[in-house]
Protein chains: 2
Amino acid sequence: MSTSLKRMATMQRMQVTGLELFYTKGYYNTSVDDILKELSLSKGAFYYHFESKEDFFIQIIENLLVRKVYSMLIEPMESHDNPLEKITNCFENALETAVHNEMDFGFALSNFMGEFNGKNPRIMKHLQDILKIWEVNIVTTLQKGKFNGFIDRHIDCEAVAVYLMSSYIGIRTLMVESTPSARKYRFMSQLKQYFRSIEQKQVNA
Amino acid sequence: MSTSLKRMATMQRMQVTGLELFYTKGYYNTSVDDILKELSLSKGAFYYHFESKEDFFIQIIENLLVRKVYSMLIEPMESHDNPLEKITNCFENALETAVHNEMDFGFALSNFMGEFNGKNPRIMKHLQDILKIWEVNIVTTLQKGKFNGFIDRHIDCEAVAVYLMSSYIGIRTLMVESTPSARKYRFMSQLKQYFRSIEQKQVNA
DNA sequence: CAATAAACGAACCGGCTAGTCGGTTTGTTT
DNA sequence: AAACAAACCGACTAGCCGGTTCGTTTATTG
């Protein structure tokens with residue numbers, strides 16, 4: 001294996017299990033040693049590849065978190081069809097992974113924001129950037145949907161985006177350790193109820 | 001001053017500033033010494049009144065958090081009038097305190113749940129109990145509203161409650177450190193939009 | 001083979017933490 | 001004023017953590 005490829009592979013391994021542990025136990029409650037123990041690697045190896053724990057985490061954000069948010073929360077809602085249906089399916093799928101206790105990157109995002117808020121402005125900046133990307137993409141999707149006649153023309157797309165992100169982040173918090181499946185079902189039913197109220201009213205035949 | 005009164009006063013002071021610091025800096029990131037420094041008290045005083053940091057926090061939950069959630073998020077929505085209006089006003093007021101960076105106990109609740117999730121089941125239990133109380137009260141309020149003809153009879157009140165709690169917890173997370181006032185405004189506009197879709201349709205005159 | 005990259009692992013520092021405990025102050029009671 | 005207990009003090013313990021350094025070893029490459 002090429003030397004730089006091996007370097008990349010090791011860094012990738014560290015980042016993946018790093019994100020996993022940070023996600024489940026929190027950043028401050030996870031020591032560098034915890035991550036290294038999981039991988040049977042040494043501290044020397046860690047500081048050979050990364051400058052510090054903070055830099056390590058920022059690289060995780062840039063390399064893993066951003067891309068996962070894109071692939072799970074942004075790309076699935078891009079299409080020329082009805083954006084409300086796309087968003088519904090996107091949330092449905094994302095919440096289903098949450099029911100199975102798998103990692104959900106939208107939730108990871110809001111979790112980390114809670115942890116770093118007021119403590120580490122540098123990391124907060126990175127997290128807020130991702131959130132902004134998510135928001136902008138939802139707004140764009142909704143505006144296109146309005147243009148294509150799926151959403152009522154009086155609707156404020158920025159407001160809908162904020163409302164959607166809020167409800168998603170909130171339901172994920174509520175789905176932690178308490179009848180997640182039932183709550184997911186109830187949430188989705190009201191999301192659809194809300195969507196019916198902002199969709200383009202059919203012209204009577 | 002009676003001796004037990006003095007005891008109560010000191011414990012109360014510790015709990016109030018304890019909650020303040022735990023809320024702003026997080027539980028694990030706030031040391032007992034931090035709280036004591038704020039009050040110019042010593043470690044001895046703390047462990048004279050409380051068994052441990054954990055017990056201290058649980059007493060804070062029971063004595064302060066529960067009551068504040070009641071007075072800010074539950075009692076304001078109880079009435080014989082339109083519950084949707086009451087809930088709107090209640091959220092409006094609660095979010096306004098958030099804009100001014102004052103303490104918001106509903107948000108504190110979800111913050112603490114994020115922090116203790118997977119780390120301290122005992123404390124999690126207490127927090128989830130409060131959340132359940134909130135949920136039950138919203139459901140009751142909505143059902144009464146349905147009975148009194150303010151809410152459409154086909155609406156699932158449990159689902160609405162979950163959706164409301166989700167959106168509230170989520171918007172509070174989003175209002176941290178990024179144009180909170182604009183987001184509050186957008187959120188409220190869509191909350192009202194959603195409420196219009198579940199209210200009792202007027203019978204045509 | 002020589003050079004370089006990657007990883008090891010032990011040692012150390014400075015700092016922070018929850019909790020302990022013997023002693024001291026304060027206030028009330030008798 | 002003596003006695004006593006509640007309230008409080010603060011030095012101390014024992015342990016963990018993140019970060020850093022460094023001499024050594026193993027693997028890869030040219």
Side-chain angles (χ1 to χ4, degrees), chain A residues 1-61 112 115-116 118-123, chain B residues 1-61 112 115-116 118-123:
Chain A
M1 194 191 292
S2 152
T3 128
S4 85
L5 267 186
K6 177 160 192 184
R7 178 185 180 86
M8 288 307 220
T10 303
M11 289 173 80
Q12 183 79 2
R13 282 207 310 149
M14 287 178 174
Q15 288 175 19
V16 169
T17 70
L19 177 55
E20 239 173 58
L21 291 182
F22 289 147
Y23 174 72
T24 48
K25 308 203 319 168
Y27 176 82
Y28 290 110
N29 202 37
T30 303
S31 70
V32 174
D33 284 324
D34 288 339
I35 300 162
L36 296 169
K37 199 189 298 170
E38 193 86 6
L39 294 166
S40 300
L41 286 174
S42 67
K43 264 201 172 163
F46 183 84
Y47 282 95
Y48 176 76
H49 292 295
F50 301 99
E51 278 191 9
S52 66
K53 187 187 180 187
E54 183 174 322
D55 272 336
F56 174 60
F57 186 72
I58 288 179
Q59 288 204 36
I60 287 179
I61 296 176
F112 287 137
E115 189 170 5
F116 290 111
K119 290 181 201 165
N120 192 318
R122 185 171 165 225
I123 292 185
Chain B
M1 194 191 294
S2 152
T3 129
S4 86
L5 266 186
K6 177 161 192 184
R7 177 184 180 85
M8 287 308 210
T10 303
M11 290 173 80
Q12 182 80 2
R13 282 208 308 149
M14 287 178 175
Q15 287 174 20
V16 168
T17 71
L19 176 55
E20 239 172 58
L21 291 183
F22 288 148
Y23 174 72
T24 48
K25 309 202 318 167
Y27 176 83
Y28 291 110
N29 202 38
T30 302
S31 68
V32 175
D33 283 324
D34 288 339
I35 300 162
L36 296 169
K37 197 189 300 171
E38 194 86 5
L39 294 166
S40 300
L41 286 174
S42 68
K43 270 246 170 96
F46 182 84
Y47 283 95
Y48 175 75
H49 292 294
F50 301 99
E51 277 191 11
S52 66
K53 189 186 179 186
E54 182 174 321
D55 271 337
F56 174 61
F57 187 72
I58 288 179
Q59 287 203 37
I60 287 179
I61 296 176
F112 287 137
E115 191 170 3
F116 290 111
K119 290 180 203 167
N120 192 319
R122 185 171 165 226
I123 291 184

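Chain naming here is simple, since letters A, B, ... match the order of the sequence lines and numbering starts at 1 in each.
Using a 4.0 Å heavy-atom distance criterion, A:Glu51 is classed as a sugar-phosphate-only contact.
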5' to 3', nucleotides 10-17 of chain D under a 4.0 Å protein heavy-atom cut-off (B base, S sugar-phosphate only, - none) gives B------S
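Whole-Å rounding puts the A:Leu39 CG to C:dA6 P distance at 17 Å. What separates CG of B:Leu36 from C1' of C:dC16 is a distance of 15 Å, to the nearest Å. Between B:Phe22 atom CZ and C:dA18 atom C1' the separation is 12 Å, expressed in whole Å. B:Met14 places its CE atom 7 Å from the P atom of D:dC8, with the value rounded to the nearest Å. D:dC8 atom P lies 13 Å from atom CZ of B:Phe46, rounded to whole Å. Protein atom NZ of A:Lys119 is 16 Å distant from nucleotide atom P of C:dC16, rounded to whole Å. Spacing between atom CZ of B:Phe50 and atom P of C:dA18 amounts to 15 Å, rounded to whole angstrom units.
Each end of the helix from C:dC1-D:dG30 to C:dT30-D:dA1 gets its own rotation axis from five pairs of C1' atoms, and the angle between them is 0° to the nearest 10 degrees.
Applying the side chain to side chain donor-acceptor pair (under 3.5 Å) rule to pairs touching residues 26-36 of chain B yields B:Lys25-B:Asp34, B:Ser31-B:Asp34, B:Asp33-B:Lys43, sequence neighbours excluded.
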Show which side-chain atoms of residues 8-15 of chain B pair as donor or acceptor with protein atoms under 3.5 Å away, not counting sequence neighbours.
| residue | atom | partner | partner atom | Å |
| --- | --- | --- | --- | --- |
| B:Thr10 | OG1 | B:Lys6 | O | 3.1 |
| B:Gln15 | OE1 | B:Asn63 | ND2 | 3.2 |

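Between B:Phe112 and B:Phe57, the ring centre distance stays below 6.0 Å.
A close approach under 4.0 Å does not occur between any side-chain nitrogen or oxygen of B:Thr10 and OP1 or OP2 of D:dA7. Checking the phosphate oxygens (OP1, OP2) of D:dA6, no side-chain nitrogen or oxygen of B:Arg7 falls inside 4.0 Å. Contact annotation: B:His49 reaches the phosphate of D:dC8 (side-chain N/O to OP1 or OP2, under 4.0 Å). One finds no side-chain N or O of A:Tyr48 lying less than 4.0 angstrom from the OP1 or OP2 phosphate oxygen of C:dA7. OP1 or OP2 of C:dG19 sits under 4.0 Å from a side-chain N or O of B:Tyr47.
With rounding to the nearest 0.5 angstrom, the CD atom of A:Glu20 is 10.5 Å from the CD1 atom of A:Ile60. The distance from the CD1 atom of A:Ile61 to the CG atom of A:Leu19 is 9.5 Å, given to the nearest 0.5 Å. Note that CZ of B:Phe56 and CD1 of B:Ile35 are 4.5 Å apart. Values are rounded to the nearest 0.5 Å. Residue B:Gln59 holds its CD atom at 9.0 Å from CD of B:Glu51, rounded to the nearest 0.5 Å.
For B:Lys119, the NZ atom counts as densely surrounded, since its 6.0 Å shell holds more than 12 non-hydrogen atoms of other residues, nucleotides or ligands.
Scanning for salt bridge (charged side-chain N to carboxylate O under 4.0 Å, His left out) contacts around B:Glu54 gives B:Arg122, with sequence neighbours left out.
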